[in-house]
2 protein chains.
Amino acid sequence: MGQSGKIRISQSELDVMDVLWTQSPLGASEVAQELATRKDWNIRTIKTLLARLVEKGALSTQSEGRRYLYSPLISKDSYAAGATRRLSDRLFGGRAAPLVMHLAKDDGLSHDDIAELEALLAELKNKG
Amino acid sequence: MGQSGKIRISQSELDVMDVLWTQSPLGASEVAQELATRKDWNIRTIKTLLARLVEKGALSTQSEGRRYLYSPLISKDSYAAGATRRLSDRLFGGRAAPLVMHLAKDDGLSHDDIAELEALLAELKNKG
DNA sequence: TGATTATGCCTACAAATGTAGTCATTAAGG
DNA sequence: CCTTAATGACTACATTTGTAGGCATAATCA
């Protein structure tokens, strides 16, 4: 998993990562264009966030003419895995059931979700 | 859920909340004593965190002589529910299965966990 | 070909966070 | 009684985060 374990990505930075996880590489203005629907951010703000993410090692750059194209160095999957595990360890002593129980509250789990989880559990039992 | 929805609790603050979720009300020095095993924090640091948590509305105080006793105003459960849902929405579009899948990786789910989840799902199916 | 735009680099600045220090007061111990 | 320890109130200061602004340069449009 490399050094990705210790990188801290802030909320706003995560919004930028999301764009690049969906599509990459992209230049700053293209990232801005994607974000425009969701966020009311100045292009400079986005450039700052991009620069910070590069500095942190979360993004790589490649030159294209006189600009940079940005790509994720850590996958959404590995980031999500880390964040999930941190939450689970921090709040539930590493146990999954209470976590899912919380999701289930307030109609958080649909029938489809439940079916999907059952399939997942069945698969886990076969493997393990 | 009251106003607890908008309270942001930082990492260090959460360590303090954890102590008071386990036992409360407690005075500052008692909180410090509990934390001493895990954290190498000056008592002043803990007092600052307690004050910030009171300011944020996460803790209440009651006077006992010339000192304060602190108690959580938001339960661990409701905090955990909010944090879980935020993570789930943010990273998995609100769907539980991918989240559990991440927990399952790296032997994250024990046989007991799986059994517990199955029981939980069965229960949900009955209710829903 | 001069004004406008887009880019990268550097700088800014307030709020939040991590981590304490100072001070005045008071309770407690010798 | 005087010293010491504990407490709350206020202050401090570096780092991270949110959210840009300014400047020099290159590309582009009129």
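All values below come from the heavy atoms of this structure, side chains included, with hydrogens, waters and symmetry mates left out. Quick note on labels: first sequence line is chain A, next is B, and so on, each numbered from 1.
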> Taking atom types as modelled, is there a side-chain donor on B/S110 or B/D113 under 3.5 Å from an acceptor on the other?
Replying inline: yes
> Are any side-chain N or O atoms of A/S78 and backbone N or O atoms of A/I74, one a donor and one an acceptor, separated by less than 3.5 Å?
Replying inline: no
> What is the per-nucleotide protein-contact pattern of nucleotides 24-29 of chain C, from the 5' end, where B denotes a base atom under 4.0 Å from a protein heavy atom, S denotes such proximity for sugar-phosphate atoms only, and - denotes neither?
Replying inline: -BBS--
> Does some side-chain heavy atom of B/Y70 sit less than 4.5 Å from a side-chain heavy atom of B/S24?
Replying inline: no
>> Using whole Å, what does the distance between atom P of nucleotide C/dG8 and atom CD of A/Q62 come to?
In response: 12 Å
> Just by modelled atom types, is the A/L20 backbone N or O under 3.5 Å from a matching donor or acceptor in the A/Q23 side chain?
Replying inline: no
> Do B/R95 and A/D112 sit within salt-bridge range, that is, some charged N less than 4.0 Å from a carboxylate O?
Replying inline: no
>> So that I can tick it off, tell me whether A/K39 and A/D15 are bridged by a salt bridge, with the cut-off set at under 4.0 angstrom between side-chain N and carboxylate O.
In response: yes
>> Can you build the contact string for nucleotides 16-22 of chain C? Use B for base contact, S for sugar-phosphate-only contact, and - for no protein heavy atom under 4.0 Å.
In response: -BBBBBB
> Between B/K56 and B/I9, is there a donor-acceptor pair closer than 3.5 Å when you use the side chain of the first and the backbone of the second?
Replying inline: no
> On DNA chain D, which is the earliest and which the latest nucleotide, 5' to 3', with an atom closer than 4.0 Å to a heavy atom of chain A?
Replying inline: D/dT17 to D/dA27
>> How many whole angstroms separate atom CD1 of A/I43 from atom P of C/dT7?
In response: 6 Å
>> Determine whether B/E13 and B/R8 satisfy the following criterion, salt bridge (Lys or Arg N to Asp or Glu O under 4.0 Å), listing intermediate values before the conclusion.
In response: CA-CA 9 Å; B/E13 287 165 357; B/R8 315 242 99 229; over 6 Å; no
>> Between A/R52 and A/E55, does any side-chain N to carboxylate O distance fall below 4.0 Å?
In response: no
>> Between C1' on C/dT5 and CZ on A/R67, what's the gap in Å once rounded to a whole number?
In response: 14 Å
> Does B/T45 reach the main-chain N or O of B/W41 with its side chain, forming a donor-acceptor pair under 3.5 Å?
Replying inline: no
